[in-house]
> 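First the structure, which I've put down as structure tokens, then a few questions once you've had a look.
Note that the structure is predicted; figures quoted are calculated from it, not measured. First the proteins, then the strands, lettered A, B, ... as listed; each starts at 1.
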Amino acid sequence: MREYIANRILTALEEMGGVPEGFAPDFQQPANPEHGDLATNAAMQLSRALRRAPRQIAEELVRRLVLDPRRVASAEVAGPGFINFRFSDRYVSEALRDILEQGDRYGRTATGAGRRAIVEFVSANPTGPLTVGHGRNAVLGDTIANLYDWTGWDTTREYYFNDAGRQMRILAQSVEARYRALADPSHGTKTIDGAGEPVVVPESFPEDGYLGDYIATIAGELFERHGTTLLGGDVQPFKEAAETAIFAEIKATLVRLGIRMDTYFNERTLYESGEIWRIVDALKARDLAYEKDGAVWFRTTAYGKETDTVLVKSTGEPTYRLPDIGYHVEKLGRGFDRVVDIFGADHIATFPDVLSGVKALGHDADRIQVIIYQFVTLVRGGEPVKMSTRKATYVTLDELMDEVSEDVTRFFFLMRSPNTHLEFDLDLAKEASEKNPVFYLQYAHARICSILRKAEEVGFAAATDADLGLLTHETETALVKTLLSFPDVLDRAAEAHEPHRVATYLREVAVAFTQFYGACRIIGEAAPVAAARMRLAVATRHVLRNGLSVLGIGAPERM
RNA sequence: GCGCCCGUAGCUCAACCGGAUAGAGCAGCGGUCUUCUAAACCGCAGGCUGCAGGUUCGAGUCCUGCCGGGCGCGCCA
């Protein structure tokens with residue numbers, strides 16, 4: 001519809017002349033229903049170029065505008081120069097028929113058709129269970145991937161990790177120390193500081209080791225399986241056991257959240273392929289990298305930073321920036337048209353270096369979209385909770401889901417814009433979970449299912465040939481019009497990488513349906529009217545179900 | 001000190017590329033179940049959009065400065 005009206009406007013404007021090259025009228029959905037179904041501010045935008053008053057332009061435009069009355073009922077000038085369009089009844093009922101035909105595909109668009117996107121998210125190294133902090137990343141990334149999928153992109157979900165660094169070494173040593181305490185009765189103990197409190201640990205436990213219970217569990221399993229045979233040996237078996245166990249747990253947590261990765265990318269690949277050293281050479285060849293004090297530096301001052309940045313330490317070990325650059329070059333090399341990263345706010349200062357590196361190597365960094373989300377502040381008993389994976393002062397995602405359910409967890413992380421801080425009050429989430437807005441959406445869906453069940457009981461099959469023109473009540477047309485914007489909402493949410501728009505929209509759908517439900521009965525009305533209303537209910541169910549599915553949230557048939 | 005994000009109703013947050021009278025939920029007050037799910041609906045109250053300038057037909061939105069909160073600024077990841 002937008003496209004149709006835009007074309008008609010451009011045709012009319014052509015006759016008027018003086019319109020700037022490439023002008024595209026902008027549309028919005030008026031907040032006030034008195035302002036019609038669609039509005040354009042084209043006349044105001046053109047005021048300057050045409051050197052005429054907006055209202056005058058708008059009036060001439062409307063006079064010249066040729067619109068098919070079967071689609072558009074009216075076009076009128078209002079306010080400072082808006083042109084308000086009202087859809088015809090015929091268009092509205094045809095659009096509703098279209099929703100019903102598309103069913104569980106309704107909402108899908110072809111915006112990204114023929115293009116490929118990769119969304120990298122979670123990407124936690126296997127040093128411990130996923131925490132509430134990872135939750136926002138995981139749910140945001142998965143839902144953004146869903147949005148790409150629904151808007152026609154060929155979408156890949158990827159998990160990037162590093163199992164070779166210092167943290168993994170400390171993790172392995174932590175497991176080994178717990179194991180020794182089990183396998184060797186003579187192994188002593190010591191006291192270290194953990195989260196401000198003294199903790200008793202095995203004597204060989206690293207000062208900054210991991211204190212979580214899962215470490216002891218892994219050590220216990222090793223002892224059961226291998227007895228004392230691992231004593232005094234290499235640390236490698238401990239590392240492998242820890243990585244295997246922790247990754248299994250992470251994947252299980254993701255599955256609970258409804259997340260399945262398509263690919264896993266190990267940072268080590270970039271070392272083994274020699275990719276990172278090729279990058280160093282290429283940067284040096286362009287005089288964007290140089291050696292100083294035994295280290296290799298990236299000339300980030302050439303990109304507006306105050307200082308240059310170390311790429312390879314004097315120990316010969318790369319900093320994480322180098323493989324990050326390599327990883328992004330590699331992803332672009334795989335032919336993705338869009339490379340999306342989901343990062344926490346702590347990466348805000350580092351990803352520009354990565355983009356600079358990608359650009360320096362002659363790649364198209366514009367294909368890379370970095371989504372920065374603000375941190376989750378966990379509040380318990382009115383106090384913010386400090387979290388650390390190493391010190392085990394965290395709340396895991398699994399614990400959170402146990403407390404408030406998977407659906408509430410997902411919705412909570414999605415209902416707010418990524419770039420606002422998210423305050424997660426645990427007490428509130430637990431106590432007031434029944435008041436959570438997600439239930440409102442699910443309830444509307446369950447209610448529709450209930451009506452359809454009831455209709456069947458009383459022998460009221462939902463005829464597919466209903467006369468949709470009978471839907472003339474205020475709440476009926478309002479509901480249909482709300483349903484109509486679903487594809488557009490998905491397009492915009494995908495483009496902006498803002499899943500919360502879908503959540504906000506679904507609430508509007510649920511409100512519109514509930515108002516219709518309150519004002520109009522279905523079962524018991526004259527057959528033609530009842531049939532038409534049932535079709536409307538079915539269409540609404542499609543939008544709710546499809547929308548919830550984009551968010552990764554269940555659509556229960558009864559509650 | 002520098003960079004980025006945020007500041008909107010008592011609380012948590014919306015506001016689509018700068019548009020028309022800034023909207024929801026929760027909390028508060030008052031109504032509504034003999035009829036398809038009351039996990040609901042209707043109504044009332046609640047605002048100098050942190051402050052001060054600027055840009056323009058028009059600013060919560062863009063620019064500058066200040067105030068307040070968060071995150072980051074390492075040969076750590």
> For the side chain of A:Y320, starting at C-beta, report the closest nucleotide among B:C36, B:G72, B:A77.
B:A77
> Can you find a side chain N or O atom of A:H500 that sits less than 4.0 Å from OP1 or OP2 on B:A15?
yes
> May I have the distance from A:E423 (atom CD) to B:G7 (atom P), rounded to whole angstrom?
15 Å
> If pairing requires Watson-Crick or G-U wobble contacts with both distances under 3.5 Å, which nucleotide is the partner of B:A38?
none
> Ignoring the backbone of A:E498, work out which of B:C36, B:A15, B:G3 is nearest its side chain.
B:A15
> Decide yes or no on side-chain contact (heavy atoms from CB on, under 4.5 Å) for A:F121 and A:L140, but give the supporting numbers first.
CA-CA 8 Å; A:F121 62 109; A:L140 205 48; over 6 Å; no
> Would you mind reporting whether A:W150 and A:N546 have side-chain heavy atoms less than 4.5 Å apart?
yes
> Is there a side-chain contact between A:D341 and A:V354 in this structure, where contact means two heavy atoms from C-beta onward sitting under 4.5 Å apart?
no
> With respect to the phosphate group of B:A38, does any side-chain polar atom (N or O) of A:R447 fall under 4.0 Å of OP1 or OP2?
yes
> Under 5.5 Å between ring centres and under 30° between planes: true for A:H35 and the base of B:A20?
yes
> Would you mind telling me which of B:C41, B:A38, B:C75 lies closest to the side-chain atoms of A:Y517?
B:A38
> Distance check, C1' atoms only: B:A45 and B:C26, in whole angstrom units.
15 Å
> If I pick the P atom on B:A59 and the same atom on B:G68, what distance separates them, to the nearest angstrom?
28 Å
> Between A:Y440 and A:Y443, does the ring centre distance come in under 6.0 Å?
no
> For B:C26, give its Watson-Crick or G-U wobble partner with both distances under 3.5 Å, or none.
B:G10
> Measure the distance from CZ on A:F412 to C1' on B:A14 and round it to the nearest whole Å.
15 Å
> Among the nucleotides B:C75, B:A20, B:A24, which one has an atom lying closest to any side-chain atom of A:T319?
B:C75
> B:A20 pairs with which nucleotide, Watson-Crick or G-U wobble, both distances below 3.5 Å?
none
> Picking from B:A15, B:C4, B:G19, which would you name as closest to the side chain of A:I348?
B:C4
> OP1 or OP2 of B:C76 less than 4.0 angstrom from a side-chain nitrogen or oxygen of A:K313, does that happen here?
yes
> For A:Y373 and A:H347, what are the C-alpha separation, side-chain angles and deciding distance, and is it a ring-ring contact (aromatic ring centres under 6.0 Å, His included)?
CA-CA 10 Å; A:Y373 62 90; A:H347 284 72; 9.0 Å; no
> Taking atom C1' in both B:G7 and B:U49, compute the distance separating them and give it to the nearest angstrom.
9 Å
> Which nucleotide sits closest to the side chain of A:S450: B:C36, B:C2, B:C75?
B:C36
> Check whether any side-chain N or O of A:N419 sits under 4.0 Å from OP1 or OP2 of B:C6, and answer yes or no.
yes
> Looking for any heavy atom pair under 4.0 Å, which part of the strands does A:T504 touch: base, sugar-phosphate only, or nothing?
sugar-phosphate
> Does any N or O donor sit under 3.5 Å from an N or O acceptor when you compare the side chain of A:D346 with the base of B:G72?
no
> Measure distances between side-chain N and O atoms of A:Y443 and base N and O atoms of B:A39, and say whether any donor-acceptor pair falls under 3.5 Å.
no
> If the C1' atom of B:G50 is compared with that of B:C5, how far apart are they to the nearest Å?
16 Å
> Using Watson-Crick or G-U wobble geometry with both distances below 3.5 Å, tell me the partner of B:G3, or none.
B:C71
> For the residue pair A:F486 and A:Y505, categorise the inter-ring angle as parallel (less than 30°), tilted (30 to 60°) or perpendicular (more than 60°).
parallel
> Using 30° and 60° as the class boundaries, would you call the ring planes of A:Y303 and A:F298 parallel, tilted or perpendicular?
tilted
> What is the distance, rounded to the nearest whole Å, between atom CD of A:E474 and atom C1' of B:C42?
14 Å
> Identify the nucleotide, in any strand shown, that forms a Watson-Crick or G-U wobble pair with B:G47, with both distances under 3.5 Å; if there is none, say none.
none
> So which nucleotide from B:U12, B:C75, B:G19 ends up closest to the side chain of A:R416?
B:U12
> Between A:Y160 and B:A77, is there a side-chain N or O to OP1/OP2 distance below 4.0 Å?
no
> Quickly work out the A:F375 CZ to B:C5 P distance and round it to whole Å.
16 Å
> Between A:F82 and B:G19, do the rings stack, that is, sit under 5.5 Å apart with planes less than 30° off each other?
no
> Given atom CZ of A:F23 and atom P of B:C17, what is their separation to the nearest angstrom?
17 Å
> Give a yes/no on whether any side-chain N or O of A:Y440 is located under 4.0 angstrom from OP1 or OP2 of B:C41.
yes
> Nearest to the side chain of A:A345 - B:C71, B:U21, B:C16?
B:C71
> Mark yes or no for a side-chain to base donor-acceptor pair under 3.5 Å between A:T420 and B:C6, with no hydrogen or angle criteria applied.
no
> Taking any strand in view, what nucleotide pairs with B:G58 in a Watson-Crick or G-U wobble way, both distances under 3.5 Å?
none
> Is B:C16 syn or is it anti, if syn means the base angle is within 90 degrees of 0?
anti
> Hey, is B:C17 sitting syn or anti, using the within-90° cutoff around 0?
syn
> Rounded to whole angstrom, note down the P distance from B:A9 over to B:U61.
15 Å
> Please state the C1' separation for the pair B:C66 and B:C73 - nearest whole angstrom.
23 Å
> Between B:A20, B:U37, B:C36, which nucleotide has the shortest distance from any of its atoms to the side chain of A:A39?
B:A20
> Could you tell me how far B:G28 sits from B:C11 if I compare only their P atoms? Round to whole Å.
16 Å
> If the cut-off is 4.0 Å, is A:Q515 near the phosphate of B:C42, judged by side-chain N/O to OP1 or OP2?
yes
> Please give, in whole Å, the distance from B:G19 C1' to A:F27 CZ?
15 Å
> Taking the inter-plane angle between the rings of A:F343 and A:F351 on a 0 to 90° scale, is it parallel (under 30°), tilted (30 to 60°) or perpendicular (over 60°)?
tilted
> Using atom P in both nucleotides, what's the gap between B:C13 and B:C71 to the nearest angstrom?
15 Å
> How many Å lie between CG on A:N162 and C1' on B:C76, as a whole number?
13 Å
> Are side-chain N/O atoms of A:Y210 and A:Q167 paired as donor and acceptor at under 3.5 Å?
yes
> B:C5, B:C75, B:C57: which one has an atom nearest the side-chain heavy atoms of A:S314?
B:C75
> Rounded to the nearest angstrom, tell me the gap between atom CG in A:N436 and atom C1' in B:A24.
14 Å
